[in-house]
Amino acid sequence: MFTDTWRTLTTTLSDTSGATATRVDHHDSELATRRARRLDVVAAQQVRARHRRRLARVSAITLTLAVASAGTAAAATYLAAHTGQHTSGWEATAAGPGEVLRQDGSDYLDVAAQLTADIPFSADHQAQRQAQFRAGSLAPGTDAQITVSALRAQVAQNAICTWADAWIAADTTGHSTVDVSARRTATSTLTASLTWSAVTDVDPTPSASGARADAGAETGTRFGWVPAIATAAAAGDRAAVLGAVAASDRCSPAMTPAITAAVTTAATIIGQGSTR
């Protein structure tokens, strides 16, 4: 039975062998083409993947080198303001006690601002707070150094000048119009300034008659000029405040615009009177 069935099947296949062979060959050709196309796609994807991995490695190496180079450059140029060195003996007397700061330090301005943030300037004189670090002894400088106490003392001096200026500014037209609240705030701050740590660290007992450390120097301690201003302000004596500020010679025109204007006006009036 098996032999007869196989013979019948063989005969049927041989009758359609031409057509079947053609279809098979066509099918095999399409199959081969699709397979080749798939292989080409796979190969292309693998090449692209390898290319991406290569680029990623190159980019990673480049980034690493760039970061390392930048870090090396930054390390080579960055200079800290804090030195960790402190004055002692005659140096502490001459330059003030405390740590020595480098004024050419990369972070000097930030450090200076942080160390003096507790010293109040008049609300109308915040521009002066910023300006004090752009010129003069507090400005950044090559190879310049300053102690923390000297830095704070100079900022305190400038702050006191702005409060004296605020006191004068509160008296807008002589004695006819006075901002009582502003004047009261300025007066209390001028009095309190004698107890600021920035003041007492270098001058524990401010006195106008105390001897200066340097032989032959003017009479008065570092902040010995402040009590006269505070006293005149408490008495409401405008002329005395102006006189005390002028006599001290400690307040720059940049810190005291209202006082400068008042003194200029007074000098002009006096000058005009002398020519009559």
Side-chain angles (χ1 to χ4, degrees), residues 93-96 103 112 116 119-122 124-125 127-139 141 144 146-147 149-171 183 186-187 189-271 274:
T93 302
Q103 288 180 248
T116 59
I119 301 173
F121 275 58
S122 163
D124 294 330
H125 292 74
Q128 278 78 1
R129 176 187 283 277
Q130 303 303 321
Q132 67 183 335
F133 295 114
R134 292 196 292 268
S137 63
L138 298 181
I146 189 171
T147 61
S149 62
L151 168 72
R152 285 175 52 77
Q154 183 59 55
V155 172
Q157 174 177 307
N158 292 339
I160 291 169
C161 291
T162 69
W163 284 107
D165 196 64
W167 194 95
I168 293 296
D171 181 1
R183 177 167 282 187
T187 299
T189 305
L190 286 168
T191 301
S193 68
L194 294 169
T195 64
W196 293 349
S197 62
V199 172
T200 59
D201 283 348
V202 297
D203 190 358
T205 55
S207 170
S209 59
R212 297 293 296 274
D214 297 334
E218 63 195 83
T219 301
T221 60
R222 172 68 188 269
F223 287 94
W225 53 280
V226 178
I229 299 176
T231 300
D237 191 335
R238 173 186 172 86
V241 170
L242 291 173
V245 170
S248 71
D249 196 28
R250 298 302 180 89
C251 298
S252 69
M255 294 292 142
T256 55
I259 290 176
T260 301
V263 171
T264 301
T265 300
T268 301
I269 293 173
I270 293 174
S274 64

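Count residues from 1 along the sequence.
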Polar contact flag, side-chain donor to acceptor under 3.5 angstrom, T187-W167:
yes

Using a distance-only test with no angle check, is there a side-chain donor-acceptor pair under 3.5 angstrom linking S207 and S209?
yes

How would you list, by chain and number, every residue that makes a side chain to side chain contact (heavy atoms under 4.5 Å, CB included) with [X], sequence neighbours excluded?
X	value
A240	A232, D237
A228	A244
A112	Y108, F133, L151
T147	T87, A95, V100, S149, A150

Is any side-chain heavy atom of S137 closer than 4.5 Å to a side-chain heavy atom of Q154?
yes

Return the [atom1] to [atom2] distance between [X] and [Y], rounded to the nearest 0.5 Å.
X	Y	atom1	atom2	value
T162	M255	OG1	CE	8.0 Å
T189	W196	OG1	CH2	7.0 Å
I160	S248	CD1	OG	10.0 Å

Would you please name every residue forming a side chain to side chain donor-acceptor pair (under 3.5 Å) with [X], sequence neighbours left out?
X	answer
Q157	none
T260	none
Q128	none
D203	T221

For the pair L242 and I259, evaluate side chain to side chain contact (heavy atoms under 4.5 Å, CB included) and give the outcome as yes or no after the intermediate values.
CA-CA 7 Å; L242 291 173; I259 290 176; 3.9 Å; yes

Which is it for N158 and L138 under the side chain to side chain contact (heavy atoms under 4.5 Å, CB included) test, yes or no, and what are the steps along the way?
CA-CA 11 Å; N158 292 339; L138 298 181; 4.1 Å; yes

Sequence neighbours left out, what pairs pass salt bridge (charged side-chain N to carboxylate O under 4.0 Å, His left out) with at least one residue falling in residues 150-167?
D118-R152

